[in-house]
Amino acid sequence: MTAIDFDPLSPAQRESPYDLYAEARAHAPVFYAERYGFWVVTRHSDVLRVLKDGETFSSRDALTSSHVDLPPEVQAVLDEGWPEMPVIIDTDAPLHTAIRGLVTKAFTPRRIAEMAPRIEELASELIGELRPDGEADIVRRFAWPLPLTVVGEMLGVPRADLPRLHEWSVHWLRLKQPGATLEQQLEWAKSTVELQRYFMALLDERERSPGDDLTSALLAAAAQIEPPLVREAVMGVPLDLVVAGHVTVTRAIGNALVVLLREHGRAEELYTDPSLIPAAVEEILRLESPAQGLYRTTTREVTIGDTTLPAGARVMVHYGSANRDERVFACPADYEPRRDGLNRHLAFGKGVHFCIGAPLARLELEIALRLLLERLPGLRLVGGPLAWEPIFFARGLERLDVSWDPS
Ligand code: HEM
């Protein structure tokens, strides 16, 4: 069996992990990542199988790349909050079904469609602020604030609170991957508790005076659930929507600009024919998937292809690799928005945990790309190496410098 040196935090694999995944798909489609102690599933068909079999592959700790216990000092900080807070992405049936039902009741297609004019307005506002500068870190000035403001407004969160929610969200996620110092872990644990307290207070506040926002709709839906959900399960929903609803779209905007601006002609094609933007968005999500892979835990011994995994094994389902599987996508490394079978990509997952925010993400991305190309003529990358984030399960940029023609 070919040894695959899986090390997504190394500079080389942050720059481009895809040759390694191609080698894995060909020679070791399900391999054990020695350094981190989990299995990685790389082929499209195997990833689909795992995602569709929630009984064998539990979603417990779906965001956690390392199973090493946290140091007691860090755990003590977390214990000041709600250490057992269930989060939709991390739960299995029947709790998952109950929480998901709650979200789908409140996070309706109508509520999302109604956001379109507001997303357009917010995107225009952000572009208007940066346009006179001729150059910007587009991640900081646009890709973070746009989706965060959108989800914040949906939930009824005051705009002034968004910067700290952003920082706490990033810390909450960082605590779930290995390689941090004790000092960092302590800081991130404090942020996690702050994030929980914030949303608990928001629930209390909306209970006293409900509004026309998603938080109030969630509370109304929760009141109808039998048996009732524990309070922290309800609080976990807006918390998760804020985190899942902005970090992913932020990454997708940055990745889209890299894909479009690295090769001459791609951005011009979309500018000339905006009807191609929805397909381009899907193709970019396939090529540079913001969620590269999440985790499952086996509930029994199970064989995938030639590999047998014991019960209790940690498994990374690799959407990023599946989305470049040559068995499904012809010339998978090429950008081809007109390709056949584009809708088979797994950037939003599949099965019962399929991304609830996919319609909102698509809407935000389509509006963002159209307006950036329209309003920043001659948009181009400022040279230099790309700053890919040191995050295990995601692919996105810490910053992205772009410039455009003065208007
Ligand atoms: C381009 C942007 C996005 C990407 C690539 C993405 C990706 C994903 C993926 C791969 C999953 C499946 C997780 C699994 O199988 O364990 C997921 C689930 C989820 N996403 Fe997204 N997402 C995006 C945007 C959003 C947005 C905008 C929201 C909400 C505002 C959102 C909310 C959620 C939630 C709540 C779940 C959990 C669903 C469940 O466990 O039943 N996502 N997302």
Side-chain angles (χ1 to χ4, degrees), residues 41 47-54 57-65 86-104 106-109 111-112 115 119 143 146-155 157 169 173 176 214-215 218 233 236-256 281-297 315-323 345-369 393-396:
V41 178
V47 166
L48 260 187
R49 174 185 163 190
V50 172
L51 294 178
K52 287 182 170 175
D53 181 2
F57 299 95
S58 159
S59 274
R60 181 163 49 85
D61 293 333
L63 293 172
T64 310
S65 44
V87 178
I88 181 168
I89 212 164
D90 262 351
T91 51
D92 295 318
L95 182 58
H96 174 259
T97 321
I99 304 181
R100 180 129 184 156
L102 172 68
V103 185
T104 42
F107 200 57
T108 55
R111 194 178 282 277
I112 292 166
M115 286 304 287
I119 298 171
L146 179 67
L148 181 58
T149 313
V150 169
V151 75
E153 287 196 0
M154 287 182 94
L155 288 163
V157 166
S169 303
L173 287 172
K176 293 175 182 294
L214 185 53
T215 308
L218 284 167
V237 174
L239 185 154
D240 195 29
L241 287 176
V242 159
V243 181
H246 87 285
V247 297
T248 45
V249 180
T250 299
R251 293 185 177 115
I253 294 173
N255 295 357
V281 164
E282 299 305 313
E283 176 66 341
I284 291 162
L285 289 170
R286 181 193 71 78
L287 260 181
E288 292 288 6
S289 308
Q292 283 279 295
L294 292 175
Y295 305 89
R296 297 292 189 266
T297 305
V315 180
M316 183 178 198
V317 266
H318 215 294
Y319 318 111
S321 171
N323 285 340
H345 79 71
L346 302 175
F348 291 115
K350 200 68 164 188
V352 293
H353 287 275
F354 182 80
C355 177
I356 287 183
L360 176 63
R362 288 180 162 128
L363 187 63
E364 290 178 315
L365 288 166
E366 287 168 25
I367 293 174
L369 289 187
F393 48 80
R395 186 151 175 82

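We count residues from 1, following the sequence as given. Because only heavy atoms are used, hydrogens play no part in the values below, and waters and symmetry mates are left out as well, while side chains stay in. We count ligands from 1, going down the list as the structure has it; atoms in each ligand are counted the same way.
- Using modelled atom types, no side-chain atom of N255 and backbone atom of I284 make a donor-acceptor pair closer than 3.5 Å.
- For R251 (side chain) and A291 (main-chain N/O), no donor-acceptor pair under 3.5 Å exists by modelled atom type.
- Put simply, no part of L346 is less than 4.0 Å from ligand 1, judged by heavy atoms.
- Looking only at protein heavy atoms, the nearest one to atom 40 (O) of ligand 1 is H353 ND1, 2.6 Å.
- When heavy-atom distances to ligand 1 are checked against a 4.0 Å cut-off, L294 comes that close only through its side chain, counted from C-beta outward.
- At distances below 3.5 Å, not a single donor-acceptor pair connects side-chain atoms of T64 with backbone N or O atoms of K176.
- V103 does not count as a contact of ligand 1, since none of its heavy atoms falls under 4.0 Å from the ligand.
- Among all non-hydrogen protein atoms, the one lying nearest atom 3 (C) of ligand 1 is T248 CB, 3.4 Å.
- Between D240 and ligand 1, a contact under 3.5 Å exists for no N or O pair.
- Put simply, the side chain of S59 never gets that close to the backbone of A62: no donor and acceptor are under 3.5 Å apart.
- Of all protein heavy atoms, the one lying nearest to atom 14 (C) of ligand 1 is Y319 OH, 3.2 Å.
- Between the side chain of N323 and the backbone N or O of L346 there is at least one donor-acceptor pair closer than 3.5 Å.
- One finds the CG atom of L51 at 11.0 Å from the CZ atom of F354 (value rounded to the nearest 0.5 Å).
- Those atoms of ligand 1 with a heavy atom of V352 less than 4.0 angstrom away are 41 (O).
- Distances below 4.0 Å separate heavy atoms of L285 from the following atoms of ligand 1: 1 (C).
- The two residues V151 and V242 make their nearest non-hydrogen contact at CG1-CA, 4.1 Å.
- The closest approach between any non-hydrogen atom of Y295 and ligand 1 is not below 4.0 Å.
- Of the candidates C355, G245, P238, C355 brings a heavy atom nearest to atom 19 (C) of ligand 1.
- Under a 3.5 Å cut-off, the side chain of H353 and the backbone N or O of T91 do form a donor-acceptor pair.
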Applying side chain to side chain contact (heavy atoms under 4.5 Å, CB included) to L146 and V249, what does each step give before you reach the verdict? CA-CA 9 Å; L146 179 67; V249 180; over 6 Å; no

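- In R100, the part holding a heavy atom less than 4.0 Å from any atom of ligand 1 is the side chain.
- The side chain of R296, and not its backbone, has at least one atom closer than 4.0 Å to an atom of ligand 1 (non-hydrogen atoms only; side chain from C-beta on).
- At least one heavy atom of H96 sits closer than 4.0 Å to an atom of ligand 1.
- For the pair A347 and ligand 1, a heavy-atom separation below 4.0 Å is found.
- Considering each of F57, F393, F348, the one bringing a non-hydrogen atom nearest atom 11 (C) of ligand 1 is F348.
- In this structure, T248 contributes its side chain and A244 its backbone to a donor-acceptor pair below 3.5 Å.
- Atom 32 (C) of ligand 1 has its closest protein heavy atom at A244 CB, 3.6 Å.
- Here E282 pairs with R362 in a salt bridge; the nearest charged N to carboxylate O distance falls below 4.0 Å.
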